[in-house]
2 protein chains.
Amino acid sequence: MRISTRGEYGVRAMLDLALHGRKEPVPLGVIAARQDISESYLEQLISVLRRAGLVVSFRGAQGGYQLAKSAKEITIGEILRALEGPIAPRKCVDEKESSLCTQSERCATRVLWQKLQASIEDVLESTTLAWLTNEAEKIAAAVGEQR
Amino acid sequence: MRISTRGEYGVRAMLDLALHGRKEPVPLGVIAARQDISESYLEQLISVLRRAGLVVSFRGAQGGYQLAKSAKEITIGEILRALEGPIAPRKCVDEKESSLCTQSERCATRVLWQKLQASIEDVLESTTLAWLTNEAEKIAAAVGEQR
DNA sequence: AGCAATCCCGAGTAAATTCCTCGGAATTGG
DNA sequence: CCAATTCCGAGGAATTTACTCGGGATTGCT
């Protein structure tokens with residue numbers, strides 16, 4: 001029940017863009033450095049995000065990346081689905097893979113996985129990048145106060 | 001966001017015991033055959049479940065396995081935790097691994113993972129093996145009717 | 001007592017997946 | 001034109017997953 005670094009890095013990169021890419025595009029190297037992620041690895045991930053329509057890129061000098069839509073229109077679910085594939089705890093509850101159950105007992109566990117999937121999707125689809133941005137700003141403000 | 005075959009097999013084995021092991025212990029070979037799982041692999045998994053106190057074993061001829069407590073006292077969460085380790089979408093929200101966040105942005109994603117974890121745990125801890133057994137029986141009954 | 005059924009244990013291994021690197025081509029602002 | 005930057009695909013190291021195997025320890029049954 002783990003999400004991989006692909007998902008983690010992707011979410012962090014998107015958060016970085018939400019926080020720092022409002023005016024000008026942010027080059028990959030800057031995101032990678034700020035988030036402490038290998039640049040060449042992140043490159044792969046962000047290109048997936050681009051093909052999924054979540055970020056837009058600007059090539060050439062002064063280029064970089066920006067969010068493709070406003071942070072409140074991007075859900076965490078979209079990001080994770082793009083990078084990690086369908087949010088299904090087991091293949092058998094993934095739409096594309098639905099091979100029928102041969103046995104009632106196996107079918108029952110399928111109902112279990114569907115229940116779990118529904119709950120995960122509920123959180124992931126209802127949580128937006130804007131919410132995450134807001135959390136980050138709250139934390140940053142609290143840290144500032146403390147000093 | 002997948003659970004592995006360890007978890008799937010473990011849950012199916014427990015369900016098998018709940019359904020077929022009420023009177024006499026069920027030998028490993030029978031579970032493995034009925035659930036279509038490699039016997040030597042399942043052996044490893046069930047020994048983990050035994051050490052976790054979820055099943056009891058009887059050695060020697062006529063031996064086998066039974067649930068260690070009633071199905072309604074066993075949660076799916078317990079089974080999965082035994083076999084797959086802590087239910088934490090990322091290491092950083094696992095109690096034992098709590099290395100502090102160095103950066104507010106990373107901290108914010110942590111809040112996200114905690115939110116997700118809470119929702120997963122909620123489902124897994126509130127769903128018992130008895131519920132699953134009941135699902136299996138409902139499905140079996142429906143199939144019977146159909147004929 | 002002896003045998004067959006069964007659990008118990010640990011080492012080893014093949015395959016899959018994850019994480020990451022690298023080299024070079026294409027684009028574009030200054 | 002050049003430096004900054006994205007774009008792309010091949011490949012490889014490390015880790016995890018899924019599974020096999022051999023042999024020892026128990027125990028009910030006859």
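Since the model is a prediction, treat every value here as computed from it, not as a measurement. By convention in this document, chain letters (A, B, ...) are assigned in the order of the sequence lines, proteins followed by strands, and residues within each chain are numbered from 1.
- Using a distance-only test at 3.5 Å, with no hydrogens or angles considered, a donor-acceptor pair links the side chain of B:Glu84 to the main chain of B:Ser4.
- Taken to the nearest 0.5 Å, the CE atom of B:Met1 stands 7.0 Å off from the CD1 atom of A:Ile87.
- Between A:Glu78 and A:Lys69 there is a salt bridge, with a side-chain nitrogen of the basic residue lying less than 4.0 Å from a carboxylate oxygen of the acidic one.
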Per-pair distances, 0.1 Å, donor-acceptor, side chain in residues 45-52 of chain B, under 3.5 Å, sequence neighbours excluded:
{"residue": "B:Ser47", "atom": "OG", "partner": "B:Gln44", "partner atom": "O", "Å": "3.1"}
{"residue": "B:Ser47", "atom": "OG", "partner": "B:Arg51", "partner atom": "NH2", "Å": "2.9"}

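- In this structure, the separation between CG on A:Leu124 and CD on A:Glu121 is 8.0 Å, given to the nearest 0.5 Å.
- For A:Ser57, a side-chain nitrogen or oxygen approaches OP1 or OP2 of D:dC7 to under 4.0 Å.
- For the residue pair A:Glu73/A:Thr128, the side-chain donor-acceptor check at 3.5 Å is not satisfied.
- Annotation: side chain of B:Val26 is in contact with side chain of B:Arg34 (closest heavy-atom distance under 4.5 Å).
- If you take CZ of B:Arg50 and P of C:dT6, they are 17 Å apart, rounded to a whole angstrom.
- At the heavy-atom level, A:Ile46 lies nowhere under 4.0 Å from the strands shown.
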Q. Which dot-bracket string fits DNA chain C when only Watson-Crick or G-U wobble pairs with both atom distances under 3.5 Å count, crossing pairs get [ ], and | stands for a partner on a different strand?
A. ||||||||||||||||||||||||||||||

Pairs under 3.5 angstrom, nitrogen or oxygen only, protein versus nucleotides 26-30 of chain D, please.
{"residue": "D:dT27", "atom": "O2", "partner": "B:Ala61", "partner atom": "N", "Å": "3.4"}

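- In this structure, A:Arg51 does not reach the D:dT6 phosphate: none of its side-chain N or O atoms is under 4.0 Å from OP1 or OP2.
- Look at CD on A:Glu24: it is 14 Å from P on D:dT6, rounded to the nearest Å.
- Listed for the B:Arg2 side chain is a donor-acceptor partner under 3.5 Å among the backbone atoms of A:Ala88.
- One can place CZ of B:Arg2 at 16 Å from C1' of D:dT16, the figure rounded to the nearest angstrom.
- Between A:Tyr65 atom OH and C:dT27 atom P the separation is 15 Å, expressed in whole Å.
- A:Lys115 forms a cation-pi arrangement with B:Trp131, by the criterion of a distance under 6.0 Å to the ring centre and an angle within 45° of the ring axis.
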Q | Per-nucleotide protein contact string for nucleotides 11-22 of chain C, where B marks a base within reach and S marks sugar-phosphate only (heavy atoms under 4.0 Å, - for neither) | A | B-------BBB-

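- Summarising the geometry, the separation between CG on B:Asp36 and P on D:dA18 is reported as 15 Å, rounded to the nearest angstrom.
- Rounded to whole Å, the distance from CG on B:Leu42 to P on D:dT20 is 11 Å.
- For B:Lys72, the side chain to side chain contact (heavy atoms under 4.5 Å, CB included) criterion is met by B:Ser70, B:Ala130, not counting sequence neighbours.
- Across all strands shown, A:Gly64 has heavy atoms under 4.0 Å from sugar-phosphate atoms exclusively, and none from any base.
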Donor-acceptor pairs are to be reported for all side-chain atoms of residues 134-143 of chain A against protein atoms at under 3.5 Å, with residues two or more places apart or in another chain.
{"residue": "A:Glu135", "atom": "OE2", "partner": "A:Lys138", "partner atom": "NZ", "Å": "3.1"}
{"residue": "A:Glu137", "atom": "OE2", "partner": "A:Arg22", "partner atom": "NH2", "Å": "3.4"}

